[in-house]
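The model shown is predicted, which means the values in this text are computed figures rather than measured ones.
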Amino acid sequence: MTSAIPPPDEGGAAVLIALARLEGKVDAALATQGAQLAEHGRRLDDHEPRLRAVENRPTVSPRAMWTALGTLAAIVAALTPLVSRLFA
């Protein structure tokens, strides 16, 4: 069986207009999606240098902090007898 396209009559013209509107909406949606993807890619590219800057910034690790605190406590404990003799 072969199907022939019916000549545009009143009902057929309405279908063609509806299809044209649908095509326009799909095109608009795809253009919006493409713009959103481009913006997302730009934001991801922007994150990379900022993350590298944060990662390269020197910070104090908890291990170094506890080591310094322990050393300070040991120095205070070692100097306590000397200070008590001086002021006794």
**Prompt:** Distance-only, no hydrogens or angles: does the N56 side chain make a donor-acceptor pair with backbone N or O of R52 under 3.5 Å?
**Reply:** yes
**Message:** Ignoring hydrogens and geometry beyond distance, is a side-chain donor-acceptor pair present between R50 and H47 at under 3.5 Å?
**Reply:** yes
**Request:** Determine, using the 4.5 Å side-chain heavy-atom cutoff (strictly less than), whether M65 and L69 are members of one ILVMFWY cluster.
**Result:** yes
**Asked** Is I75 reachable from L82 through a run of I, L, V, M, F, W or Y residues, each pair having side-chain heavy atoms under 4.5 Å apart?
**Response** yes
**Request:** Could you tell me the separation between the CG atom of L72 and the OG1 atom of T67, rounded to the nearest 0.5 Å?
**Result:** 12.5 Å
**Asked** How long is the gap from CG on L30 to CG on L37, to the nearest 0.5 Å?
**Response** 10.5 Å
**Asked** To the nearest 0.5 Å, what is the distance between CG (D45) and NE2 (H40)?
**Response** 10.0 Å
**Prompt:** Which atom names give the shortest non-hydrogen contact between P81 and S84, and what distance separates them?
**Reply:** O-OG, 2.8 Å
